[in-house]
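These notes concern the structure reproduced below.
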Amino acid sequence: MIITPTIRVQHEDFDLQTEVDRLSKNKAGIGAVVTFSGLCRDEGGRLAALELEHYPGMAVAEMTRIGELAITRFGLLGLTAIHRYGKIAPGENIVLVVAVAPHRQAAFDGANFVMDFLKTAAPFWKKEHRTDGAAGDWVAAKDADDAARDKWK
């Protein structure tokens, strides 16, 4: 059976429990569900919002490619990855990854793999909007994110 990841890039928020239920309900072979939900931080009170932009079409294509790699590599029984765009306030959801597998390690590894590649390969850009009204900066790529991705090679 071919397993296809569920991939969405959307402006609207998502509900973690709804997404877990969609992926895992009534599927007897699943022994583990791992979720990662990334939230917008307030950066010590200086961040009013984070604005996320993406390359439409290409973002979904890259997320799908990453999801398919994770399914194959870790033997996942299902995968959902959702990434939001637009202005996101501190405390709001940015990204969700749900990985289901027969065993916990595969689910954990699959979710980590997807996040490590989303951070470095998917075409998303972040701009800060500061509470003091000053123009925010585009968030630069981090060497630590590249190192996290490279451990999977």
Does a sphere of radius 6.0 Å around [atom1] in [X] hold more than 12 heavy atoms from other residues, nucleotides or ligands, not counting ones at 6.0 Å or beyond?
| X | atom1 | answer |
| --- | --- | --- |
| R104 | CZ | no |
| F14 | CZ | yes |
| R41 | CZ | no |
| D150 | CG | yes |
| K142 | NZ | no |

From K126, K127, H129, residue fulfilling side-chain hydrogen bond (donor to acceptor under 3.5 Å, both in side chains) relative to E51: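 Answer to the side-chain hydrogen bond (donor to acceptor under 3.5 Å, both in side chains) test with E51 among K126, K127, H129: H129.
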
Flag the pair [X] and [Y] as a salt bridge only when some basic side-chain nitrogen lies within less than 4.0 angstrom of an acidic carboxylate oxygen.
| X | Y | value |
| --- | --- | --- |
| D146 | R149 | yes |
| R65 | E68 | no |
| D116 | K151 | yes |
| R8 | E19 | yes |

[atom1]-[atom2] distance between [X] and [Y], expressed to the nearest 0.5 angstrom:
| X | Y | atom1 | atom2 | result |
| --- | --- | --- | --- | --- |
| I94 | F124 | CD1 | CZ | 11.0 Å |
| N112 | Q105 | CG | CD | 9.0 Å |
| I66 | K119 | CD1 | NZ | 12.5 Å |
| T64 | I71 | OG1 | CD1 | 9.5 Å |
| E62 | H83 | CD | NE2 | 12.5 Å |

Do [X] and [Y] sit in one hydrophobic cluster, given that two such residues count as connected whenever their side-chain heavy atoms are within less than 4.5 Å of each other, even indirectly?
| X | Y | result |
| --- | --- | --- |
| F36 | F117 | yes |
| L118 | F108 | no |
| W125 | M58 | yes |
| L50 | L39 | no |
| M115 | W152 | yes |

Is there a donor-acceptor pair under 3.5 Å between the side chain of [X] and the backbone N or O of [Y]?
| X | Y | value |
| --- | --- | --- |
| D137 | V139 | no |
| E92 | A89 | yes |
| N93 | V95 | no |
| T131 | G45 | yes |
| Q10 | E12 | yes |

Which heavy atom of [X] sits nearest a heavy atom of [Y], and at what distance?
| X | Y | value |
| --- | --- | --- |
| D145 | T120 | O-CG2, 3.5 Å |
| S37 | L16 | CB-CD1, 3.9 Å |
| L47 | C40 | CD2-SG, 4.1 Å |
| A107 | A99 | O-CB, 3.5 Å |
| V34 | A111 | CG1-CB, 3.8 Å |
| G110 | A70 | O-CB, 4.2 Å |

Taking the side chain as everything from C-beta on, heavy atoms only, tell me whether [X] gets closer than 4.5 Å to [Y].
| X | Y | value |
| --- | --- | --- |
| I7 | T80 | no |
| P102 | I30 | no |
| I3 | L76 | no |
| V100 | L79 | no |

Full working for salt bridge (charged side-chain N to carboxylate O under 4.0 Å, His left out) between E128 and R46: CA-CA 10 Å; E128 295 180 334; R46 69 173 182 79; 3.2 Å; yes

Ring centre gap for F74 and F113 strictly below 6.0 Å: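 Yes, they do, as the ring centres are separated by less than 6.0 Å.
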
